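This structure is a prediction, so every number in the text was calculated from the model and none was measured. These numbers come from the heavy atoms of this one structure, side chains and all, not from hydrogens, waters or symmetry mates. Every number for a ligand or one of its atoms is a count from 1 in the order of the listing.
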Amino acid sequence: MTDDIITRPRTRAKPKVERPKLYKVILLNDDYTPREFVVRVLKAEFRVSEDQAHRIMITAHRRGVCVVAVFTRDVAETKATRATDAGKAAGYPLTFTTEPEE
Ligand code: TYC
């Protein structure tokens with residue numbers, strides 16, 4: 001009876017799951033947007049704490065740019081656009097860009 005055991009050939013393909021490429025959202029410094037406004041936009045769009053938003057804002061202010069967070073491409077682009085539009089709607093040149101991670 002043991003001779004009748006049929007074993008399935010192990011031919012199942014190894015599932016190939018690609019890790020999606022991640023994109024950085026980058027905050028650019030400018031001379032006009034008030035600091036508190038930058039902090040407010042960071043909190044609203046990126047759901048960071050007051051403390052974290054302040055750190056990100058100050059880093060961009062001092063160094064010219066700061067990486068806010070990384071997301072999949074669609075999410076990064078949507079958030080960067082929404083955050084930039086929030087500044088534009090208030091009359092500020094606040095700018096967020098995206099860039100693929102190395
Ligand atoms: N530099 C601006 C000011 O002095 C504040 C600011 C910080 C603006 C960071 C943009 O990404 C920015 N009012």
| request: Output the distance between atom CZ (Phe96) and atom OG1 (Thr84), rounded to the nearest 0.5 Å. | output: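 The distance works out to 6.0 Å.
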| request: To the nearest 0.5 angstrom, please state how far the OG1 atom of Thr59 sits from the CZ atom of Arg55. | output: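 The distance works out to 8.5 Å.
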Output the list of atoms in ligand 1 that are nearer than 4.0 Å to some heavy atom of [X], sorted by atom number.
X: Leu27; value: 11 (O)
X: Asp30; value: 1 (N), 2 (C), 8 (C), 10 (C)
X: Ala60; value: 9 (C), 11 (O)

Main chain of [Y], side chain of [X]: is a donor-acceptor contact present, judged purely on distance under 3.5 Å?
X: Thr98; Y: Val25; answer: no
X: Lys79; Y: Glu45; answer: yes
X: Thr95; Y: Pro93; answer: yes

| message | Is there a polar contact, in the sense of an N or O pair closer than 3.5 Å, between Leu28 and ligand 1? | response |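 Between Leu28 and ligand 1, an N or O pair is found under 3.5 Å apart.
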| said: Looking only at distances, can you tell me whether any N or O atom of His61, backbone or side chain, sits closer than 3.5 Å to an N or O atom of ligand 1? | reply: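 So ligand 1 has an N or O lying under 3.5 Å from an N or O of His61.
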| message | What protein heavy atom lies closest to atom 7 (C) of ligand 1? Include the residue and the distance to one decimal. | response |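 Minimum-distance protein heavy atom for atom 7 (C) of ligand 1 reads Asn29 OD1, 3.5 Å.
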| query | Quick one: nearest non-hydrogen protein atom to atom 13 (N) of ligand 1, plus distance? | reply |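 Checking every protein heavy atom, the shortest distance to atom 13 (N) of ligand 1 gives Thr33 O, 2.9 Å.
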| Are Arg73 and Glu101 close enough for a salt bridge, meaning some N to O gap below 4.0 Å? |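 No, Arg73 and Glu101 are not salt-bridged.
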